[in-house]
S.K.: 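Here it is: the structure, laid out below.
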Amino acid sequence: MVRSDATRNREAILRAAEELLAAHGAEHISLDRVAAAAGVGKGTLFRRFGSRTGLFQELLAERAAALAEAIESPGSPLGPGAPPRDRLLAFLDELAGLAERNLALFAAHERACAADKYHDPTYLRWHAHVTALVAAAAPGLDAGFAAHTLLASFDADLARHVMAEGGADRLRASVRGVAEALLRG
């Protein structure tokens, strides 16, 4: 059972990291600043998250939780029962919205996880999901590589550049267009 103060500290740390990211960007966020903003000791932050990488992984996982739930929910456009092509496009649309709302977090997460990007837990879940959908929708395609290609479209710098000229609608439409072209072969 998790103690209430541990839960409270976790939430305070995640909110502080989120607010600092929004205000200052990833390059200006230190664990000292996050701990101070959250009103906890640096040791508390290290015990809970282990590192800056762990903190950003946890924050991204929290932001992606609703998406993960929708993937598992029958009746959702993302969930079981929908055709694989439709599920893939709906997932990519939702990921574009997540990127739009959390671009600073995406950038911080990418920088923190750069050395081990393809083993990050959230990336692994997204990659497995996209791979399965691509494999079902286009059996002759290298589904794993196609999944990496589609997920690379959400690189923070690329997403920022694309959204600067057309917003999230342009990002969504562009990724959708690439996905449809891949599926057509």
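If you read the sequence from its start, that first residue is 1, and numbering goes on from there. Since this is a predicted model, take the numbers as computed values, not measurements.
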S.K.: Any salt bridge (Lys or Arg N to Asp or Glu O under 4.0 Å) involving residues 102-121? Give me the pairs, sequence neighbours left out, ordered by first then second residue.
M.R.: none

S.K.: If we only count heavy atoms from C-beta on, is the Asp93 to Arg176 side-chain gap below 4.5 Å?
M.R.: yes

S.K.: If you look only at pairs with a residue in residues 124-146, which of them pass as a salt bridge (Lys or Arg N to Asp or Glu O under 4.0 Å), with sequence neighbours excluded?
M.R.: none

S.K.: Considering non-hydrogen atoms only, spot the tightest contact between Leu20 and Ala37 and give its length.
M.R.: CD1-CB, 4.1 Å

S.K.: Who pairs with Arg52 by side-chain hydrogen bond (donor to acceptor under 3.5 Å, both in side chains), at least two apart in sequence or on another chain?
M.R.: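 If we apply the side-chain hydrogen bond (donor to acceptor under 3.5 Å, both in side chains) test to Arg52, skipping adjacent residues, there are no hits.
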
S.K.: At their closest point, which heavy atom of Ala152 faces which heavy atom of Leu158, and how far apart are they?
M.R.: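 The pair with the smallest heavy-atom distance is O-CD2, 4.0 Å.
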
S.K.: Suppose the criterion is salt bridge (Lys or Arg N to Asp or Glu O under 4.0 Å): which pairs have a residue in residues 158-170, not counting sequence neighbours?
M.R.: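 Sorted result for residues 158-170: Asp157-Arg160, Glu165-Arg170, Asp169-Arg172.
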
S.K.: Does His148 have any side-chain hydrogen bond (donor to acceptor under 3.5 Å, both in side chains) partners at least two apart in sequence or in another chain, and if so, which?
M.R.: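 Only Tyr123, His127 meet the side-chain hydrogen bond (donor to acceptor under 3.5 Å, both in side chains) criterion with His148.
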
S.K.: So Arg15 and Leu59, do their side chains get closer than 4.5 Å, heavy atoms only?
M.R.: yes

S.K.: Pick out which of Leu95, Leu103, Val162, Leu98 makes a side chain to side chain contact (heavy atoms under 4.5 Å, CB included) with Phe154.
M.R.: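 Looking at Leu95, Leu103, Val162, Leu98, the match for Phe154 under the side chain to side chain contact (heavy atoms under 4.5 Å, CB included) is Leu95.
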
S.K.: Return the set of residues passing side-chain hydrogen bond (donor to acceptor under 3.5 Å, both in side chains) with Thr44 (not counting sequence neighbours), or none when no residue passes.
M.R.: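 Only Arg47 meet the side-chain hydrogen bond (donor to acceptor under 3.5 Å, both in side chains) criterion with Thr44.
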
S.K.: For the residue pair Arg87 and His129, establish whether any side-chain heavy-atom pair is separated by less than 4.5 Å.
M.R.: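 When only atoms from C-beta onward are counted, His129 and Arg87 do touch, with a gap below 4.5 Å.
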
S.K.: Is there side-chain contact between Gln57 and Thr122, with heavy atoms separated by less than 4.5 Å?
M.R.: no

S.K.: Checking Glu58 now: which residues fulfil salt bridge (Lys or Arg N to Asp or Glu O under 4.0 Å) with it, not counting sequence neighbours?
M.R.: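 Glu58 satisfies salt bridge (Lys or Arg N to Asp or Glu O under 4.0 Å) with Arg10, Arg48 once adjacent residues are dropped.
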
S.K.: Under the side chain to side chain contact (heavy atoms under 4.5 Å, CB included) test, which residues partner Ala12, sequence neighbours left out?
M.R.: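 Counting only residues at least two positions away or on another chain, Ala12 forms a side chain to side chain contact (heavy atoms under 4.5 Å, CB included) with Ala38.
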
S.K.: So which atom in Ile29 and which in Leu21 form the shortest heavy-atom distance, rounded to 0.1 Å?
M.R.: CD1-N, 3.6 Å

S.K.: My understanding is that only residues two or more places apart in sequence, or in another chain, count here; which of them pass side chain to side chain contact (heavy atoms under 4.5 Å, CB included) with Pro77?
M.R.: Ala90

S.K.: Should Glu11 and Arg8 count as an ion pair when the cut-off is N to O under 4.0 Å?
M.R.: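 Salt bridge flag = no for Arg8 with Glu11.
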
S.K.: Sort and list the pairs that fulfil side-chain hydrogen bond (donor to acceptor under 3.5 Å, both in side chains) and have at least one residue in residues 64-85, not counting sequence neighbours.
M.R.: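 Sorted pair list: Arg85-Glu180.
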
S.K.: Using side-chain hydrogen bond (donor to acceptor under 3.5 Å, both in side chains) as the criterion, list what pairs up with Glu100, not counting sequence neighbours.
M.R.: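 Testing Glu100 for side-chain hydrogen bond (donor to acceptor under 3.5 Å, both in side chains), a comparison that skips the adjacent residues, returns none.
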
S.K.: Under a 4.5 Å cut-off applied to non-hydrogen side-chain atoms, are Leu14 and Phe49 in contact?
M.R.: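 Yes, their side chains come closer than 4.5 Å.
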
S.K.: If the condition is side chain to side chain contact (heavy atoms under 4.5 Å, CB included), which residues does Ala146 pass it with, not counting sequence neighbours?
M.R.: Val134, Leu141, Leu182

